[in-house]
Amino acid sequence: YQRRVRDNEQQRTTLTGQKMPPKASGAVNRKKIKVMVVGGKSLKAADRGGTSDPFVQLKIKNRGTVKQTSTKQKTLNPTWNEEFSFEIVDPFNDKLDLNIYDWDRFGSNDFLGTIEIPVAMFSAAGVVDRWFPISERNAKSPNPKLGELHLKVTYYGEDGQIPGDTPGGAAAAAANTQQANAFQQAAMQNQNAFQQAALMQMAMQPQMMPMMGQPMMMQQPGMMMQQPMMMQQPGMMQPGMVPMQQQPMMMQPGMPMQPGMQQQPPPAYPGPQG
């Protein structure tokens, strides 16, 4: 126990930056939570008729007394509205443990699921009123087929007050909210600035047609269009070279004549040479 007290004081010193004075001998621990089990919905059916007789057991994990709700007969959507109180020794490490069972008249009760919630969640918010998803035992994530529990949990500090009810608590909560809003606004401004810079960069780049599906690349400014063939420049003939003359096209028998094409007459027979 003394080691736990020293560890708690060490952790509080780390979190707050100031060493907390040791608790006086015989001082009463006033830290506690009140848990209102409001109801459940879509619980697992354990009986043959497609219903269950659910009840909930609550405790602070690894210590404390187990407390239990009443049993609701033949329903998957029970309503309890029952409240339980638990003493909190270590608000940073304590966990609220809830186990849901189906009551059986004969034999052992059927396990329907579990919920484990860090007490730090309540100490930071003061009051938490929400639906909590139910999980399998030792599962890392909830199972939607097991349903949910509606809990309203109120945390009371060493001074017996709910965080946020006192002027200092309310100011701290408002400061945290303001800081979160400022962070979100700064993130949005950074995102907008990044988008504007990207648009400006795109506008400065030369306009280019998509490469896919285009027969040729767009001509860049200052570039000459490539000619399909080189034109013979005057004076470029090499000695001994004879210009190539276009040969008349030979028409094959039965080949249709193309428009604009004139058939060349066959060469005249020169006759016998003398």
Side-chain angles (χ1 to χ4, degrees), residues 1-16 20 22-40 43 54-72 78-103 108-143 146-166 169:
Y1 177 77
Q2 291 178 352
R3 183 187 304 171
R4 180 182 296 178
V5 171
R6 286 197 302 270
D7 292 343
N8 292 344
E9 291 179 356
Q10 237 176 10
Q11 189 170 14
R12 291 166 67 185
T13 302
T14 303
L15 292 174
T16 61
M20 302 296 293
K23 187 183 291 287
S25 177
V28 178
N29 178 22
R30 302 179 66 182
K31 296 191 294 292
K32 65 179 181 180
I33 58 173
K34 287 186 177 181
V35 183
M36 170 76 75
V37 182
V38 181
L43 301 184
F55 66 92
V56 182
Q57 289 185 348
L58 309 87
K59 67 175 181 178
I60 299 300
K61 191 172 183 179
N62 299 327
R63 64 173 180 80
T65 305
V66 177
K67 302 181 181 182
Q68 182 174 314
T69 67
S70 60
T71 301
K72 301 301 178 181
T79 299
W80 285 287
N81 288 321
E82 300 176 17
E83 188 176 65
F84 306 89
S85 181
F86 296 92
E87 178 183 334
I88 300 301
V89 175
D90 186 355
F92 303 106
N93 296 312
D94 283 349
K95 295 180 180 180
L96 176 63
D97 192 21
L98 303 98
N99 293 300
I100 306 96
Y101 294 93
D102 168 63
W103 175 79
S108 59
N109 299 322
D110 298 321
F111 177 74
L112 300 181
T114 185
I115 299 174
E116 186 178 286
I117 311 170
V119 172
M121 176 180 181
F122 312 130
S123 62
V127 179
V128 175
D129 185 355
R130 53 167 288 189
W131 289 89
F132 290 88
I134 302 173
S135 304
E136 297 280 1
R137 189 176 279 123
N138 298 325
K140 294 183 179 180
S141 60
N143 187 345
L146 300 181
E148 297 176 312
L149 280 187
H150 183 189
L151 304 176
K152 182 178 180 180
V153 184
T154 305
Y155 178 87
Y156 297 87
E158 286 187 290
D159 54 359
Q161 300 294 323
I162 302 173
D165 282 359
T166 60

**OP:** For the pair V56 and L58, evaluate side-chain contact (heavy atoms from CB on, under 4.5 Å) and give the outcome as yes or no after the intermediate values.
**Re:** CA-CA 7 Å; V56 182; L58 309 87; 4.2 Å; yes

Subject >> Stepwise side-chain contact (heavy atoms from CB on, under 4.5 Å) test for L146 and L43 >> reply: CA-CA 5 Å; L146 300 181; L43 301 184; over 6 Å; no

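Looking at every heavy atom in both residues, G113 comes nearest to I134 through CA-CG2, 3.5 Å. The minimum heavy-atom distance between K31 and V89, with the atom names listed, is CE-O, 3.9 Å. Of all the heavy atoms in P54 and L112, the pair that sits closest is CB-CD1, 4.3 Å. Between S123 and P91, the shortest heavy-atom contact is OG-O, 4.3 Å. Across all non-hydrogen atoms, the minimal contact from G40 to L149 is CA-CD2, 4.0 Å.
In this structure K34 satisfies the side-chain contact (heavy atoms from CB on, under 4.5 Å) test together with K32, E83, S85, Y156, sequence neighbours excluded. Every residue two or more places apart in sequence or in another chain that forms a side-chain hydrogen bond (donor to acceptor under 3.5 Å, both in side chains) with Q68 is listed here: Q57. Among residues two or more places apart in sequence or in another chain, the side-chain hydrogen bond (donor to acceptor under 3.5 Å, both in side chains) test is passed with S135 by none. Shown here are the side-chain hydrogen bond (donor to acceptor under 3.5 Å, both in side chains) partners of T114, two or more places apart in sequence or in another chain: N99. Here W131 pairs with H150 under the ring-ring contact (aromatic ring centres under 6.0 Å, His included) rule; sequence neighbours left out. Here Y101 pairs with F55, F111 under the ring-ring contact (aromatic ring centres under 6.0 Å, His included) rule; sequence neighbours left out.
Using a 4.5 Å heavy-atom cutoff, the side chains of I60 and D97 are not in contact. Here the side chains of L151 and L98 are in contact, with some heavy-atom distance below 4.5 Å. When side chains are defined from C-beta on, D94 counts as touching R63, because their heavy atoms get closer than 4.5 Å. Contact of the I162 side chain with the Y155 side chain is not registered, since no non-hydrogen atoms from C-beta on lie closer than 4.5 Å.
Every pair passing salt bridge (Lys or Arg N to Asp or Glu O under 4.0 Å) that includes a residue from residues 113-130 is listed here, sequence neighbours excluded: K61-E116, K95-E116.
Separating the CG atom in D110 from the CD1 atom in I100 is a distance of 13.5 Å, to the nearest 0.5 Å. In this structure, CD1 on I88 lies 4.0 Å from CD1 on I33, to the nearest 0.5 angstrom. Atom OG1 of T69 and atom CG of N81 lie 11.5 Å apart (nearest 0.5 Å).
Between the side chain of E82 and the backbone N or O of S70, at least one donor-acceptor pair lies under 3.5 Å.
When each of F122, F84, F132 is paired with L96, the side chain to side chain contact (heavy atoms under 4.5 Å, CB included) condition holds for F122 and for no other.
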